[in-house]
Each structure stands twice: as C-alpha cells, then as structure tokens.
*Asks:* 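There's a structure below that I have some questions on.
Values reported hereafter were calculated over all heavy atoms of this structure, with side chains retained and with hydrogens, waters and symmetry mates removed.
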Amino acid sequence: MSENVVHLHKHTDTPAAVDTAPTVLTVVPDAPPARPVPLWVRSGRAVKTAVTHERTRSAGRAVVRHSLYTFNGGRIAARRAWDGRTGSRYERMIRAAEAAGNLEAAEEWEERLQRFRAARHHRRMDLLHSPVDAAKGVAVGAGMSVGVLVALGVVLAFSTGQPGDVITPLAATIDFIALLIRIVQVVWGPAVTIGPFLALLALWSVGRKQHAAPQWALPANVRSGEGEPITPSIVVKALRDLGVPALARAIKEMGDAGASMLGPITIAGCGVEVDVTLPSGVSTNEVQAKRRKLAENLTRHEHEVFITIPQAARTVRLWIADSGALDEPIGPSPLVTDETMTADYKKGKAPWGQDLRGDAAALSLYQRHLLITGLSNQGKTVALRSLALWLSLDKSVQFLMGDLKGVGDWAMFDGLATTLIQGPTDEHVIQVTEMVESAVDEMNRRIQAPPGTTFPPLIVLVDEAQVAFMCPAKDEDKRPYGGSKANSRYFMAVRKIHNQGRAVNVLMWQGTQDPTNENLPKLVREGAHTRASLALGTESQARMALGDKAVDGGAAPNLLRPGLDRGTLVVASDGITIPAGQSSITVRTHYIDDDAAKAITDRAKALRDGVTTLHAIDRGEERDPLADIAAVIGDAPRVRTKDVLARLATRNPGAYDEWSFIDLKRVLDDAGAEPYKSDGVMVVSRDRVARALANRDTEGSASAE
C-alpha cells in the first residue's frame, strides 16, 4: 500500500490574515506509478516495425519470387512436355484459327495433327518389337565383338610368340568395363543426392526467364517494363487486358494462340509495327478509343503508340516506339548540310523531316494549296518556313509574303520575296489583304492568257492567318477585311485562289493557330490540298485541321504533347508518301534556325537576278512609271519585258495591271531607254533606265533654275 502525503492549506481572504488563519489538513493520495508495458505489446510493435521496413518487404518479395520461379517453372516444363507428347498444341491452333474465322488455317492445322498422331502411333508400334530386336542386336554385337577381340589376340600371340596373349585384348576390355562400373558406383551416390537440387535449379531457371511470379514480387526493373521488347505475347496480353469484353473472350477461347491475330512484328524506324486482325464482334474504333490503356499495357507512354487503320477489314496497325526514342532529336535538314542543293517546283520534293519509321519525309508542293495549324509555340512557323526555304532554291518561284506576327521570322526573305509585309496590326492586315487581292488579279490575268501559256509559280504565303480572319477593320465601302461572310475581303480573296489558282500556278499557303470556325472558316480549311497539324487541344480542333477522314483513320494531333512534341506534324496530303490504307502520316520536321535560314536565302538570292522587295502596297498615288520600272529591275543588268510587266502588276495592280508590252515600250522609248533583244527575247536594260532617270533629273533641275 502506497504512502500518503500530507499537504497544509491555509484558507485566507487577505494577505494580512495569513498568520492567524486556521490550518486545514488535507490528505491527498499519491498518483499510482506508471504500469510497465506488457511484453506482448512491445513484441507486436517490433513485429509491425519489422514488417513495414523496406528491407523486410524486399526480403519477403525475394522469397516469394524465387519460390514461385521454381513452382511455376515446373508447371511450364510440364506444359512443354505435355505439348511435346500430345496434340494439345495443334488443337489450340485449330481453335484459334476457327475463332479468327480462318478455315484454311484450321484445315492445315488439322492435317498436321493427323500426321502427328500417325507418327506417334508408328513409334508406339515400334516399341512393341524393340525389346526382342534390342536383345538380338546385343547378342549379335557381343558375339561379333568377342570374335574380333579373339582374332586380335591370335594376331598378337603370333607376333609375340606367347600363346597367353590370345586372351589379352579380351581381358583388357573386361577390365575397362569393370572400371566403368566402379566409377558409376562412386558417382551414383552423390548424383542421386545432388540430382534433385539440379532439377529444382533447372525449373527455377525456366521460371526466372519467363518472369513466372506476380508483378508485386518481381524486381523493380522488371515490374516497370521500361524498354521491354515488343513480342507477340506482350501484344496479345495488352489487347486482352484492354477492357473490350468481346476481344477478351475471343482471345481466351484462342488459348495461348492469341498471337494468330498478329501479323509479323517488323522493325519500323525507332520502333516496331504490327497489324492486328480483330476477331468477329470487335470494331477498330473500340481499340482506337483505348489508345492510352493499350500504351500502358505495352509499358509505353501514350505518345509512343500510334493506331491507324490499314486497308484490310477488321484490322488495326500498331506502331510502337522504343521507350524514349521519340524524345531524341532527329538530324539536321539536308538544306543545311548540302550547300549544293537546289529545288524543282514541278518534279522535286521538299525535305521536311522523318516519319516515325525513320525514313525521310519529303513533300511535293506542285500545284497544292497548303495549310499548317497548331497551338502557339509548337514550331508552325519553322515548319512552314522550311518548305519556303527549299522552294526558294528554284529561281522561277515568286513569293508574296505576309507575316502577321511581325517578329522577324521571315525577315531573311527580304530581297527574295516580291512583297514582304510584317506586323500584327489592322493596318498590316489591310496590306496583306490587298497583297492577296493582287494575287487574285494576277491569277485572272493568267487565266485569260492564250491556251498553252506557262506561268512561273507564285506562292502567296500568310503566316498567323487567324489575325486576318479576326480583323474587325472595314474599308470605305463598309466591307470587312476579316470574317467569313461573302463580303469579307480576305476570305473571298483566299477562296478565289483556292478555286482557280492551282491551274495557273498561283498557290495559297497559310499558317494559323488554334483552328476554329471563327479564325479558320470551313471553306478555307477544305480548300487546302495539303493539311498538316502540330499539337492541338481537342479532337474537334483536330477534325477542323485535318478533316474527318484523317481523324477517323487514326490521325490524332490532339494527342501530341504540347512543348515536348514541338515540330511533330500529322500530315494529310497526296503530296507525301503515306503507307497504303492510311489517311495521314506523322512527320518529325527538321529544325532550321534563323541563321541557317538566312544562309539558305543567301544561296537562293545568288541564283536570281535580284528582287526588289516591297514592304507596303501602293494605293493609287501619283505614279512615276520610269522610277517604278527601275525599282522592279533592281540590281539585275537586264530583265525580260514580260517579267517587268509582271513585277509592275504585283507592285501596284491598280496602276499597272492593264499594262501591255506597248505601254511599257512607250514609256521606255520616250525616256530613251528602249527595250532590245538579247538571246532572242526582249529585255529592259538596267543601265539604260538608270541613265534615263539621271538625265531626266538633270534636265528637270536645269529647267527649274
């Protein structure tokens, strides 16, 4: 019993009464001492700590893993032995072929099964006669061996003169057999002891190679599966676990032969490609809708698996990248590495990049309108510019360019393009619209030319075209520059070029962000022959960018990763080689920086006589024809008269669109700079025009004085 402690409490109301207040004794018992924690509680805590420790869990996983390796290895070995001794393998193949609806394959496997059974029956019948045949063989062999040994002994005895040597070979053979028996007697005991352990080790090795253990028990590097090679069994398991009930049931009925759905797995660039013939009752869009789950089942990221629809019915084509391969950059553009490269607008193809198979992706630009879309900062301008850079190496190609971003991405085309307008304001949109309308006038002039007339390619390029479509400005007649109505000036100019331009080599190229009905009208989208898209946000935007057919066929720019897949395009065009049965192809474009682009345009300028680039469209001001002629001639020593007329019409359609050779000759004759023939064609001399201008200015100054 514990002791009590006595506490003295003095009850007082004021400090002064402390000495006289009665004292009250209060007995307060001691607090009971803390009880010791029972041993079983402490043991439980220790066990819990030990169980939750990482080393303990790792050890537990290792024990389970290696135990199941041995057990399941035995199952695998037994299954293989059973398959080798019976016709179960053939029966599985027959069921798989029947499930896939391939009756020819089923009949072929049935014939193989019959041949296997006939061969097995023949072997079993041979076993009935084998003991007698073996005994006869042993008797005959032994008799012949003894006879040979005795004959050898006779020869030996005759040679040595010792009669006892007759049995020497026979005795030596008997001694050798006795030695072998003694060796077997010595080795037999340890072999019987070690044999089971060797058998278990063999079964463990089989299970380990097949990873025959639960996923949670496998090592971390095996569980992750990163970089795991794609095999038929992996593809079949991925399809089985896709969450499509009809597909899972069909594969289950096929047994282990679900790989009969698969075509050959072939190496395709930085990945592999395989065609999967789906069983009856499973549609291709059910597999397409499960792209992310299929990729994860294949131990890949979503962007590393592409699903397309080939020509064969009920078939999907899977392209599966090597893990991490798509994050590696591709090589530089041939435009940068080959300084001797030139272009051919009609017969050539622009080197744009690489497809997913690693093959070069080249695009034909001949008589094809072009549209490139994508989210901001995904490489749209670089992809569009690389095509223009290649085409600039064909000196016959002319450019009218409008950059409605205006940050200098197209500045290297100054001195190469006939018109280059750069800026994001409404005034720049007005200038670009008038530039496109001047291309319409040129198109109409070409259409009215005599049949058989050939015309140089004229590329009308507008980058950030959504700025033009969304411009609210109106002209003096209240006609809007932007929008998609019948009175919209930019929209109607683009539509006219789309309708008739390709026949006379007047082509419209546009780059735009975020395709919607507001910033990229439907009629303009569908007027492009080549449609390409970088990463987009939604499937509806993908359909606007590429069209329903391409998206239904597997094109999915909305599944590209913004930022990470910069420069990767999904292209729908007959100008690029697309695998048979597909409606689009994915291209990883070459990156050409500004310095490399400037070097390419310098090479392109060296191929030409010189181009004077306009940075604004003139609007009906008082013209000086002779000065305009000098401006369009530029630095070239002489220019053909028809080229001078074309450049004047581009410079100021209102003033020179109706000009003919007679009008040009009249102005030059009056100034004393008459055109003349050179190599059989009429040309205008730069020096004559410059001298005429100088004389006119001198005479004007003298008259003023």
*Asks:* Under the side chain to side chain contact (heavy atoms under 4.5 Å, CB included) rule, collect the residues that match up with Pro456, sequence neighbours excluded.
*Replies:*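 Testing Pro456 for side chain to side chain contact (heavy atoms under 4.5 Å, CB included), a comparison that skips the adjacent residues, returns Gln398, Arg446.
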
*Asks:* If you count the non-hydrogen atoms of other residues, nucleotides and ligands that lie under 6.0 Å from CZ in Arg640, is the total more than 12?
*Replies:*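 Result for CZ/Arg640: open.
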
*Asks:* Looking only at side-chain N and O atoms, does Asn517 offer a donor or acceptor that is under 3.5 Å from a partner on Arg525?
*Replies:*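 Yes, a side-chain donor-acceptor pair sits under 3.5 Å.
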
*Asks:* Please check if atom CD1 in Ile267 has more than 12 non-hydrogen atoms from other residues, nucleotides or ligands closer than 6.0 Å.
*Replies:*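 Result for CD1/Ile267: open.
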
*Asks:* Side chains of Glu464 and Gln466: do they bring a donor and an acceptor to under 3.5 Å?
*Replies:*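 Yes.
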
*Asks:* Checking Val462 against Leu400 for the side-chain contact (heavy atoms from CB on, under 4.5 Å) test, could you report, in this order, the C-alpha distance in whole Å, the side-chain angles of both residues, the deciding distance, and whether it holds?
*Replies:* CA-CA 8 Å; Val462 179; Leu400 301 178; over 6 Å; no

*Asks:* Indicate whether any N or O donor in one side chain lies under 3.5 Å from an N or O acceptor in the other, for Asp441 and Ser438.
*Replies:*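 Not at all, the side chains of Asp441 and Ser438 share no donor-acceptor pair under 3.5 Å.
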
*Asks:* Would you tabulate the side-chain donor-acceptor contacts of residues 404-415 under 3.5 Å, counting partners in other chains and residues two or more places apart, or write 'none'?
*Replies:*
from: Lys405; atom 1: NZ; to: Asp409; atom 2: OD2; distance (Å): 3.4
from: Trp410; atom 1: NE1; to: Asp463; atom 2: OD2; distance (Å): 3.1
from: Asp414; atom 1: OD1; to: His615; atom 2: NE2; distance (Å): 3.4
from: Asp414; atom 1: OD2; to: His615; atom 2: NE2; distance (Å): 3.4

*Asks:* Within a 6.0 Å radius of atom NZ on Lys395, are there more than 12 heavy atoms belonging to other residues, nucleotides or ligands?
*Replies:*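 No.
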
*Asks:* I'd like to know whether Arg385 forms a salt bridge (Lys or Arg N to Asp or Glu O under 4.0 Å) with Asp593, so could you lay out the CA-CA distance, the side-chain angles of the two residues, the decisive distance to 0.1 Å, and finally the verdict.
*Replies:* CA-CA 10 Å; Arg385 189 176 67 183; Asp593 61 26; over 6 Å; no

*Asks:* With a 3.5 Å cut-off and no angle check, do the side chains of Asn505 and Tyr345 form a donor-acceptor pair?
*Replies:*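 A pair is found: one side chain offers a donor N or O, the other an acceptor, under 3.5 Å apart.
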
*Asks:* Decide yes or no on side chain to side chain donor-acceptor pair (under 3.5 Å) for Asp687 and Ser685, but give the supporting numbers first.
*Replies:* CA-CA 5 Å; Asp687 294 339; Ser685 170; 5.0 Å; no

*Asks:* Do other residues, nucleotides or ligands put more than 12 heavy atoms under 6.0 Å from Lys496 NZ?
*Replies:*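 At most 12 heavy atoms, drawn from other residues, nucleotides or ligands, come within 6.0 Å of this atom.
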
